[in-house]
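Here is the naming used below: chain letters follow the sequence lines, and residue numbers restart at 1 for every chain.
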Amino acid sequence: MSDSFAQRLLDWYDRHGRKALPWHHDRNAYRVWVSEIMLQQTQVATVIPYYEAFMARFPSVHALAEAPVDDVLGHWSGLGYYARARNLQKAAQQVVTEFGGDFPADQAQLESLPGIGRSTAAAILAQAFQQRATILDGNVKRVLARHHAVDGWPGQTRVLNQLWDHAESHTPTERVRDYTQAIMDLGAMVCTRSRPGCDTCPLSSSCAAYAADEATRYPGSKPKKEKPEKSTWMVILEDPDGRVLLEKRPASGIWGGLWSLPELDPALESDELAEACERSLGLSCQDVTIQAGFRHTFSHYHLHIRPALIAARPQARVADDNDRRWLYRDEALALGLPAPIRTLLTDPGQTALL
DNA sequence: TATACGTGGCT
DNA sequence: TAGCCAAGTAT
């Protein structure tokens, strides 16, 4: 065992740690990997129901590799960061073709797979293979920034490198799987962002921030920047049968790869929408109704969404049948609709449309 | 190095 | 309540 830091953490874990999360049973590299990807920037309570449904549908790396991508995205819909889902399937296909269906127990080879970075590779090594490896997620950053009174925002390379150094130096050679879970659990349950439970923390006796009574000063906060305001038209094109036109979004950008209502150039005036639909979608429209807009806030900008209900004339046809489909709402919900668009389609209270 | 990428919980 | 943040990675 390395230092008393790790030992105190393990003793605490034995009494208070989380040991019955869904990915803790039937533990193998595939199950650990899926959980780690879902848990990136996403809280445990949010992940659990998605994880259960995902594993029921894609129980093995082969099942995931062979599935239609819309099926994978559909199971991810509502979780956010959809590149994770597309990368997940790409990586599954690579594991099958390049590694014979077995995840490599090697840091560099794991990192060669899309969506797996330094910390996720280490988590898989520790959790699935019980190999000594060092993780550094948000919880660990907070614990270490406080324990060593590391100044500055972890987004800065200098600060990040310091945290990695501390993380490496504390990683024990024995019980790495439990240690890795322990330091994350401590961050999630005791060394929380606000109101940390220093009174019950096993590390308080050596914690520099606690000694200075300044736990919440660490880690340093991100410099704040003004979020730009963007705007878009979202058109609810309805054909005489009551079907709605959806289009598959490009793989990059917001809601990448998901099916959503078509967007139109925000510079268009409302009386130009019908003509714009005819031009860009190749179908004839009538009866444009502008709905109340609403603002949606993302990590880096605000988006003002202006919904427009447009009736398509009978026998309307669109170009690009692969990328655009007329669908009844129930069918639409089975696809990878992102949550805000799903709300538009299903919540009459919000839009007074449907 | 900075920015893009989502959604939901917390204060 | 509006802003901050969460089991990070890719570009």
Name the closest nucleotide to the [X] side chain, picking from [options].
X: A:F298; options: C:dA7, C:dC5, B:dG6; answer: B:dG6
X: A:H296; options: B:dT7, C:dA10, B:dC5; answer: B:dT7
X: A:W23; options: B:dT7, C:dG8, C:dA7; answer: C:dA7
X: A:Y82; options: C:dT9, B:dG6, C:dA7; answer: B:dG6
X: A:N87; options: C:dA10, B:dC5, B:dT7; answer: C:dA10
X: A:R193; options: B:dG6, B:dA4, C:dC4; answer: C:dC4
X: A:Y81; options: B:dG8, B:dG6, C:dA7; answer: B:dG6
X: A:L21; options: C:dA7, C:dC4, C:dG8; answer: C:dA7
X: A:N139; options: B:dA2, B:dT7, C:dA7; answer: C:dA7
X: A:K225; options: C:dT9, C:dG3, B:dA2; answer: B:dA2

Counting the atoms with a prime plus P, OP1 and OP2 as sugar-phosphate, which does [X] contact under 4.0 Å by heavy atoms, base, sugar-phosphate, or nothing?
X: A:G155; answer: nothing
X: A:I254; answer: sugar-phosphate
X: A:S221; answer: sugar-phosphate
X: A:I135; answer: nothing
X: A:G187; answer: nothing

Q.
Just so I know, are the side chains of A:V244 and A:Y328 near enough to count as touching, which here means a heavy-atom distance under 4.5 Å?
A.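 Side chain of A:V244 against side chain of A:Y328, heavy atoms only: no contact under 4.5 Å found.
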Suppose you measure atom [atom1] in [N] against the same atom in [M]; what distance do you get, rounded to whole Å?
N: B:dC10; M: C:dA7; atom1: P; value: 13 Å
N: B:dA4; M: C:dC4; atom1: P; value: 16 Å
N: B:dG8; M: C:dT9; atom1: P; value: 22 Å

Q | ring pair (Phe, Tyr, Trp, His ring centres under 6.0 Å) between A:Y301 and A:F298, intermediate numbers included | A | CA-CA 5 Å; A:Y301 60 96; A:F298 294 100; 5.1 Å; yes
Quick check: does any side chain N or O of [X] sit under 3.5 Å from a backbone N or O of [Y], one acting as donor and the other as acceptor?
X: A:R146; Y: A:A209; value: no
X: A:W233; Y: A:L268; value: yes
X: A:Q89; Y: A:A67; value: yes

Q | A:D213 atom CG, neighbour heavy-atom count above 12 within 6.0 Å | A |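 Counting neighbours around CG of A:D213, 12 or fewer heavy atoms of other residues, nucleotides or ligands fall under 6.0 Å, so no.
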Q) Is A:E331 salt-bridged to A:R243, going by a charged N under 4.0 Å from an acidic O? A)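 A salt bridge is absent here (no side-chain N lies under 4.0 Å from a carboxylate O).
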Side-chain donor/acceptor contact of [X] with base of [N] under 3.5 Å:
X: A:T42; N: B:dG6; result: yes
X: A:R142; N: C:dA6; result: no
X: A:S299; N: B:dG6; result: yes

Could you tell me how far apart [X] ([atom1]) and [N] ([atom2]) are, to the nearest whole angstrom?
X: A:Q40; N: B:dC5; atom1: CD; atom2: P; result: 17 Å
X: A:W33; N: C:dG8; atom1: CH2; atom2: P; result: 17 Å
X: A:R195; N: B:dC10; atom1: CZ; atom2: C1'; result: 11 Å
X: A:W76; N: B:dT7; atom1: CH2; atom2: C1'; result: 13 Å
X: A:L303; N: B:dG6; atom1: CG; atom2: P; result: 13 Å
X: A:Q41; N: C:dC4; atom1: CD; atom2: P; result: 15 Å
X: A:I124; N: C:dT9; atom1: CD1; atom2: C1'; result: 13 Å
X: A:M184; N: C:dA6; atom1: CE; atom2: C1'; result: 13 Å

Q | Of A:K222 and A:T46, the one whose closest DNA chain B nucleotide lies more 5' | A |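 Here A:K222 is the residue nearer the 5' end.
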Q. Of A:A83 and A:W153, whose nearest nucleotide on DNA chain B comes first from the 5' end?
A.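 With A:A83 and A:W153 compared, the 5'-side residue is A:W153.
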(Q) On DNA chain C, does the nearest nucleotide to A:K227 precede the nearest nucleotide to A:R118 from the 5' side, or the other way round? Give the residue. (A)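 Going by which nucleotide is closer to the 5' end, it is A:K227.
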